[in-house]
Protein chains: 2
Amino acid sequence: MVSIKDIAKKAGVSISTVSYALNGSPKVNADTSRRILQIADELNYVPNAAARTLKKRHTMIVGAFITSFEGAFYGELLQGMKDMLNKQGYDLIICSGTQSHRLLPEGMLDGAIILDATFDSDELLKYANRGHKLVVLDRELKHENISQVLLDNKAGATLAMEYLIESGHRKIYAVTGPTESFDAEQRLQAVRLTVERNHPLEYIEIQGDFTKSSGEEAARRIKDEYSGPAAVFCLNDEMAVGLYHELKKSPYRIGEDIFVVGFDNIETASYLQPQLATIDYSKRRFGAVAAEQLLHLIAGGPSVHERIYVNLIKTPSVF
Amino acid sequence: MVSIKDIAKKAGVSISTVSYALNGSPKVNADTSRRILQIADELNYVPNAAARTLKKRHTMIVGAFITSFEGAFYGELLQGMKDMLNKQGYDLIICSGTQSHRLLPEGMLDGAIILDATFDSDELLKYANRGHKLVVLDRELKHENISQVLLDNKAGATLAMEYLIESGHRKIYAVTGPTESFDAEQRLQAVRLTVERNHPLEYIEIQGDFTKSSGEEAARRIKDEYSGPAAVFCLNDEMAVGLYHELKKSPYRIGEDIFVVGFDNIETASYLQPQLATIDYSKRRFGAVAAEQLLHLIAGGPSVHERIYVNLIKTPSVF
DNA sequence: TTGTATGCGTTATCAT
DNA sequence: ATGATAACGCATACAA
């Protein structure tokens, strides 16, 4: 490995002059500087991240922690973060699983964006207390080193339910999400509230877990109980996709016998037949805002709570 | 920040004793050790990654470089890598974009898995020459520090084409991939060879780029030219999805007028109606094998070239 | 403008 | 069994 020491030796100057030249300090003579840079290039010099970090106390790297690499949900979101971060000279790395949590406390990361319900809140709080900067996208957490940017789940769920009701449906299923999920919980609360407000309504809850297969399972139950037109609010699109798939094997047609609305507007949703009605929001913006808030926090700014607004996409899967 | 120095002070021992205790060395007295660990815990001590790395010359972190965070393709593959890596005590981080390339030469990573055609081969070779360990999944590259694990593209493409031909189709379109893509190039070569071998055949190539929208575009051209049953080999599933979608807007039916086979068996493919015939392989295994090879390289093992075998999934989209 | 010296937190060698 | 100390590569305050 070639270090500034090697460059210094070859250039006949001290390591500090090399360091200054490499960092573009105006203090060093233009000629000397050019010569040093030239030699550094010849030697294929690359600075050592560990040494630099040890000295400067930051890495210019931000981590995004997600539950799993699978699922079409994260793509755009991460891309939104990355673009924002790169613009400011930061790099984004994606991490998943408990083992990689260490990267944060060990100082490998200047901050983290959390989108992983399995990441314990107490652990997060512990890191925040140690001075680490965090942005949470999947829970409410009050701390000076933590900003939150959350989806407007309640507005979305209300929009979806009201759309079903306005379209004349009186029998409504809700396929719920995992109980640990903040988003699922918020959406469910709004659903129940809307049901109460629109009494009388035949309302049935089916426990789901945001996976396709739980959507399929829900479909089987709905098929079995079928006694006339029914509407279904799948609390996320992933389950709606599963539901569509399973329902294809039944005599019931979506948009005719069974009416469906989802949440998230994942890409697959637009490829379903009939196109799925759903709650849309800019995932790219979601990611960008999260990155932006983290950058603010890192720059010493205060904890801020942002909200991502949503809107309804109406399609023939409902009317 | 609390360092071993703080622990040493509080425990009334030297930093070297603390270091030994922390690393579970048998040289240090059990009582002393217990006391040190206790204090470290009270102080919420966490080792500093930069300092450790500077000394030990490795991070126990491996990076996977991908073209984009979007697309359903990577999920299982990355999961396969992660599981294998974690089992051996390594962490996996996902990187995308030129800016993050620095993590490798700067010593932040013990090795990298490359699945990003936009990552220049010369640059890769440069890193390999500097001693960095690499596994490439998307090109052929001979170097003692580089292992390759490649899909058996030619077998897959041949299988797909022969399936079309055996099913009696004599007019065949191939929707190609980006010319920079090794996989696309390999598949295309096999396609052309199969065409020659099965003369006479009406064979038409449509330039694609592995994206959904290029599949849609291909569909429009095929629609316009329609003069009777035609078969289409989309060199990846992503384009087949786009083709399906666009063809829905036409009078032609897949499996009746137009016959389609894809490559990759992405999850969406199984949700298409009729289900898409395609070339399947275990993405999880693909990732696991890649990780395994990297681990071997890191352990000082020789460069090895592995191949991932594929097989055909037959469905009514063809017959 | 350039050089000297120190320290970042850790590991590890060598004494004791 | 424990301590003193050097070294990893770099940035920077201070001296010259």
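Just so it is clear: chains get the letters A, B, ... in the order the sequence lines come, proteins before strands, and each one is counted from 1. Model, not experiment: these values are computed from the prediction.
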Next on the checklist: Other residues, nucleotides and ligands only: do more than 12 of their heavy atoms fall within 6.0 Å of CZ on A/R284?
Outcome noted: yes
Checklist entry - Looking at CG of B/L125 and CD1 of B/I146, how far apart are the two atoms once the value is rounded to the nearest 0.5 Å? => result 5.0 Å
What I want to check is whether the side chains of [X] and [Y] have a donor and an acceptor closer together than 3.5 Å.
{"X": "B/S14", "Y": "B/T17", "answer": "yes"}
{"X": "A/H143", "Y": "A/N129", "answer": "yes"}
{"X": "B/E306", "Y": "B/Q293", "answer": "yes"}

Checklist outcome for this item: In whole angstroms, the gap separating C1' of C/dC8 from CG of B/D6 amounts to 13 Å
Item to check | Atom-pair distance (CD1 on A/I36; C1' on C/dT1), nearest Å | outcome: 11 Å
Item to check | Sugar-phosphate only, base, or nothing, as touched by A/T32 at under 4.0 Å among non-hydrogen atoms | outcome: sugar-phosphate
Next on the checklist: Report for the helix from C/dT1-D/dA16 to C/dT16-D/dA1: angle between first-end and last-end helix axes, five pairs each, rounded to 10 degrees.
Outcome noted: 40°
Next on the checklist: Which residue in the set B/F119, B/Y74, B/Y127 passes ring pair (Phe, Tyr, Trp, His ring centres under 6.0 Å) when paired with B/F65?
Outcome noted: B/F119
Item to check | Candidate pair A/S100 and B/D91, rule side chain to side chain donor-acceptor pair (under 3.5 Å), full reasoning | outcome: CA-CA 6 Å; A/S100 63; B/D91 275 310; 4.9 Å; no
Checklist entry - Just by protein heavy atoms under 4.0 Å, how would nucleotides 9-16 of chain D read 5' to 3' in B, S and -? => result BBBBBB--
Item to check | Residues A/K126 and A/D120 bridged, charged N to O under 4.0 Å | outcome: no
